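What follows is a single structure, written as structure tokens, with notes after it.
Values below: every heavy atom of this structure, side chains too, minus hydrogens, waters and symmetry copies. Below, chains carry the letters A, B, ... as their sequence lines are ordered, and counting in each starts from 1. What you are looking at is a predicted structure, and each value in this text was computed from that prediction instead of being measured.
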2 protein chains.
Amino acid sequence: MPADLPKSRAPSIRDVARLAGVSHQTVSRVLNNHPSIRDSTKARVQQVMDDLQYRPNRAARALSRGTSRTIGVLSASSSQYGPASSIAAIQDAAREAGYYVNTANLTSADPATIEAALDHLMLQSVEGIVVIAPQMRVFDVLEQLSVAVPYVTLQSTGSLNEHGLSFDQIAGARAATRHLIDLGHRNIYHLAGPQDWIEAEARMRGFLDEMGAMDVPTTAPILGDWTADFGYYAGRELLRVRDFTAIFSSNDQMALGLMHAIRDAGLDIPGDVSVVGFDDIPEAAHFWPPLTTVRQDFAELGRRCMALLLDDITDGPDQQRSAIIPELIVRGSTGPPAF
Amino acid sequence: MPADLPKSRAPSIRDVARLAGVSHQTVSRVLNNHPSIRDSTKARVQQVMDDLQYRPNRAARALSRGTSRTIGVLSASSSQYGPASSIAAIQDAAREAGYYVNTANLTSADPATIEAALDHLMLQSVEGIVVIAPQMRVFDVLEQLSVAVPYVTLQSTGSLNEHGLSFDQIAGARAATRHLIDLGHRNIYHLAGPQDWIEAEARMRGFLDEMGAMDVPTTAPILGDWTADFGYYAGRELLRVRDFTAIFSSNDQMALGLMHAIRDAGLDIPGDVSVVGFDDIPEAAHFWPPLTTVRQDFAELGRRCMALLLDDITDGPDQQRSAIIPELIVRGSTGPPAF
DNA sequence: CGTTCGAATGTGCACGGTCACAAATGTGGA
DNA sequence: TCCACATTTGTGACCGTGCACATTCGAACG
């Protein structure tokens, strides 16, 4: 009978130890790069590990160390470009740091669903949580459950609390608004995102701040749901009363829908109406007309978020939370108003 | 000193057992819904678990059971709409089935990177793997490493091997091509995806099959990279020699870039050139003109994929792998050719 | 009233690592 | 030669849960 027949059990450190002629503890030391191991011993153990295709058992390690090296991501609309990019970056950063990532999607935003998703994460004994979701509500649940792990969120300036990652969306929104005002527009609408998303709220505040600072009268923003479909229908409604020359949309998808509606009404962009988006998704440069928008570096955002969380977990120094300043990308969808 | 001061350790089944006046095994039975537990006992134990906010320790459970209840997702371009949607669906389905999901991103497609990502997953003792990536290469690595866990991939008809999930992309591509031919087009180009993506290859084959079946001469497809940017540059190159009246793009993003290039050249869509995409991303209906495309239900795809994998893991019955037939959505980007 | 049998519960160990501590080994100087 | 001390290695317990098996309990039956 061949010696390498498929074992019923995967090899453990004790198997390795036996074959290498050392104690299991020595094998453990090799695994963890303990300093005081003779090179020759280390090499011998490594050799056996290779031969056996040994893999440390994560569950056993987690159990004995009392730490899971796993972080959880709580995410809504994870199929959209922004969140998806951030999640990807978070995963990469986590892997780099030797952490595992587990994602829970929120299909709706009611407290029960949020609680269930959090439960799912906590059951995995995650060491930290990243929230990419309508954070207002999630925060409530997090506070109420007095969750025992650190958490961070991708969040705007004006830190709602200490868990946020600064990202100056207000500045971005002000830049976009200023651009329209500078072009000569005075009747500007804002199509905002869902009001319980902190990003949406920050962009809205940026818009209102800038309008106020420049003494331009404003109307109440429309609250959307991030989708192109909504942008389209909102545009149709708005165009019944054509009392504006520019719209600032809280994301690129809604801006796309808006432009569709505007064209359907026989109007020209930017001749009759200028449109500004937010995010600079990769497709925005190819819209018709190419979309003026505010660039967000989602990947960088995800990376920073992860760094922050890892600091919290390891009780490291409070990393400086400098804000990333988004950049206005001017393309063909904006121009001076027609008179 | 209050009795409920923050314990240094989370409560275990033994803590629960002590307070409930039963053995730890009885607590374990309650946890696992063992049939022969008296209702009164069960209730008492549940009560204590609630009081203590007891959470089973996943690592211990995994260690003891020898099973991790975790599946891995190996994903490339996970920030794109298609993959992202599928991943979200997979996560939901997994959570429903009591499984956890761990995702590893591929930043490039060379064997070393693939191997590293697989390693990362295997280190977590995943019980199965879903591949959403340039599968040709990943397959090689999977086979070569003789990975010990079942794996499935989101894949086209014509099963490359037994691990695939049928999804009739060839039929979808044929429908799109047929649509163009029926409109009267005879000079049709195909902008394909990266050739090591099975989806790209299947769509290309569908295109070539249909062209052959209808006796329309064809030129070699152009190989793209799924991005709108590439579609734009490919379009610019193609338009130097304007010997076609229609293009079938392997996804919607590239189709968007193509339309951008076509408009830049001063041509009309669909008057001068018809364009068909593939995927029906939510934005496609709002492109200018709205894009004729082939609808794929990524969420359904992800769910089926998960069901298939869970069957494999539990050695269940070989589920019938019926193909989902994609649907052609005709919008404004296609029309009869001008003569 | 003893026997039998199924339901309900308890006992002890295994899972595969890590940790604290003990022991062995090597090295240099008095 | 022997001791002090650093380096390297070994021993045994422990993390929290599930499994196999043993035991107790209770009811039914001849």
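In this model, a side-chain donor or acceptor of B:Arg29 finds a partner on the base of C:dG10 within 3.5 Å. Below the 3.5 angstrom threshold, one finds a donor paired with an acceptor across the side chain of B:Arg14 and the base of D:dT17. You won't find any donor-acceptor pair under 3.5 Å spanning the side chain of A:Ser36 and the base of D:dT8, going by distance alone.
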List the steps, then state whether side chain to side chain donor-acceptor pair (under 3.5 Å) holds for B:His24 with B:Thr26. CA-CA 5 Å; B:His24 70 104; B:Thr26 299; over 6 Å; no
May I have the step-by-step check of side chain to side chain donor-acceptor pair (under 3.5 Å) for B:Gln46 and B:Asp50, ending in yes or no? CA-CA 6 Å; B:Gln46 294 272 23; B:Asp50 283 356; over 6 Å; no
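Closest approach to the B:Ser28 side chain among D:dG18, C:dG17, D:dG16 is made by D:dG18 (side chain taken as heavy atoms from C-beta onward). If you check C:dG17, C:dT18, C:dT11 against the side chain of A:Ser12, the one that comes closest is C:dG17.
A donor-acceptor pair under 3.5 Å is formed between the side chain of A:Arg95 and the backbone N or O of B:Asn105. B:Ser79 contributes no side-chain N or O that, together with a main-chain N or O of A:Ala84, makes up a donor-acceptor pair within less than 3.5 Å. Formation of a donor-acceptor pair under 3.5 Å by the B:Thr41 side chain with backbone atoms of B:Ile37 is not found in this model. Distance alone, capped at 3.5 Å, places no donor-acceptor pair between the B:Arg58 side chain and the A:Gln124 backbone. With A:Arg61 contributing its side chain and A:Ser68 its backbone, the two residues share no donor-acceptor pair below 3.5 Å.
The overall bend of the helix from C:dC1-D:dG30 to C:dA30-D:dT1, read as the angle between its terminal helix axes built from five base pairs each, is 60° when rounded to 10 degrees.
Put simply, B:Arg65 has no side-chain N or O that comes within less than 4.0 Å of OP1 or OP2 on D:dC19. Dashed line: the shortest gap from a side-chain N or O of A:Arg58 to OP1 or OP2 of C:dG17 is not under 4.0 Å. Phosphate contact (OP1/OP2 of C:dG17, side-chain N/O of A:Ser64, threshold under 4.0 Å): absent.
Heavy atoms of B:Leu63 sit under 4.0 angstrom from at least one base atom. Nucleic acid contact for A:Val22: sugar-phosphate only, since backbone atoms but no base atoms lie under 4.0 Å from a heavy atom of the residue.
Remark: B:Arg303 is not positioned above the aromatic ring of B:Phe298, lacking an NZ or CZ atom under 6.0 angstrom from the ring centre and at most 45 degrees off the axis.
D:dT9 atom P lies 12 Å from atom CD of A:Gln25, rounded to whole Å. D:dC19 atom C1' lies 11 Å from atom CG of B:Asn32, rounded to whole Å. A:Arg55 has its CZ atom 16 Å from the C1' atom of C:dG16, to the nearest Å. C:dG10 atom C1' lies 11 Å from atom CD1 of B:Ile37, rounded to whole Å. Whole-Å rounding puts the B:Arg69 CZ to D:dT17 P distance at 17 Å. Rounded to an integer number of Å, the gap from A:Arg18 CZ to C:dG16 C1' is 14 Å. Per the geometry, NE2 belonging to B:His24 stands 8 Å off C1' belonging to C:dG12, to the nearest Å. Atom CZ in B:Arg38 sits roughly 9 Å away from atom C1' in C:dT9 (whole-Å rounding).
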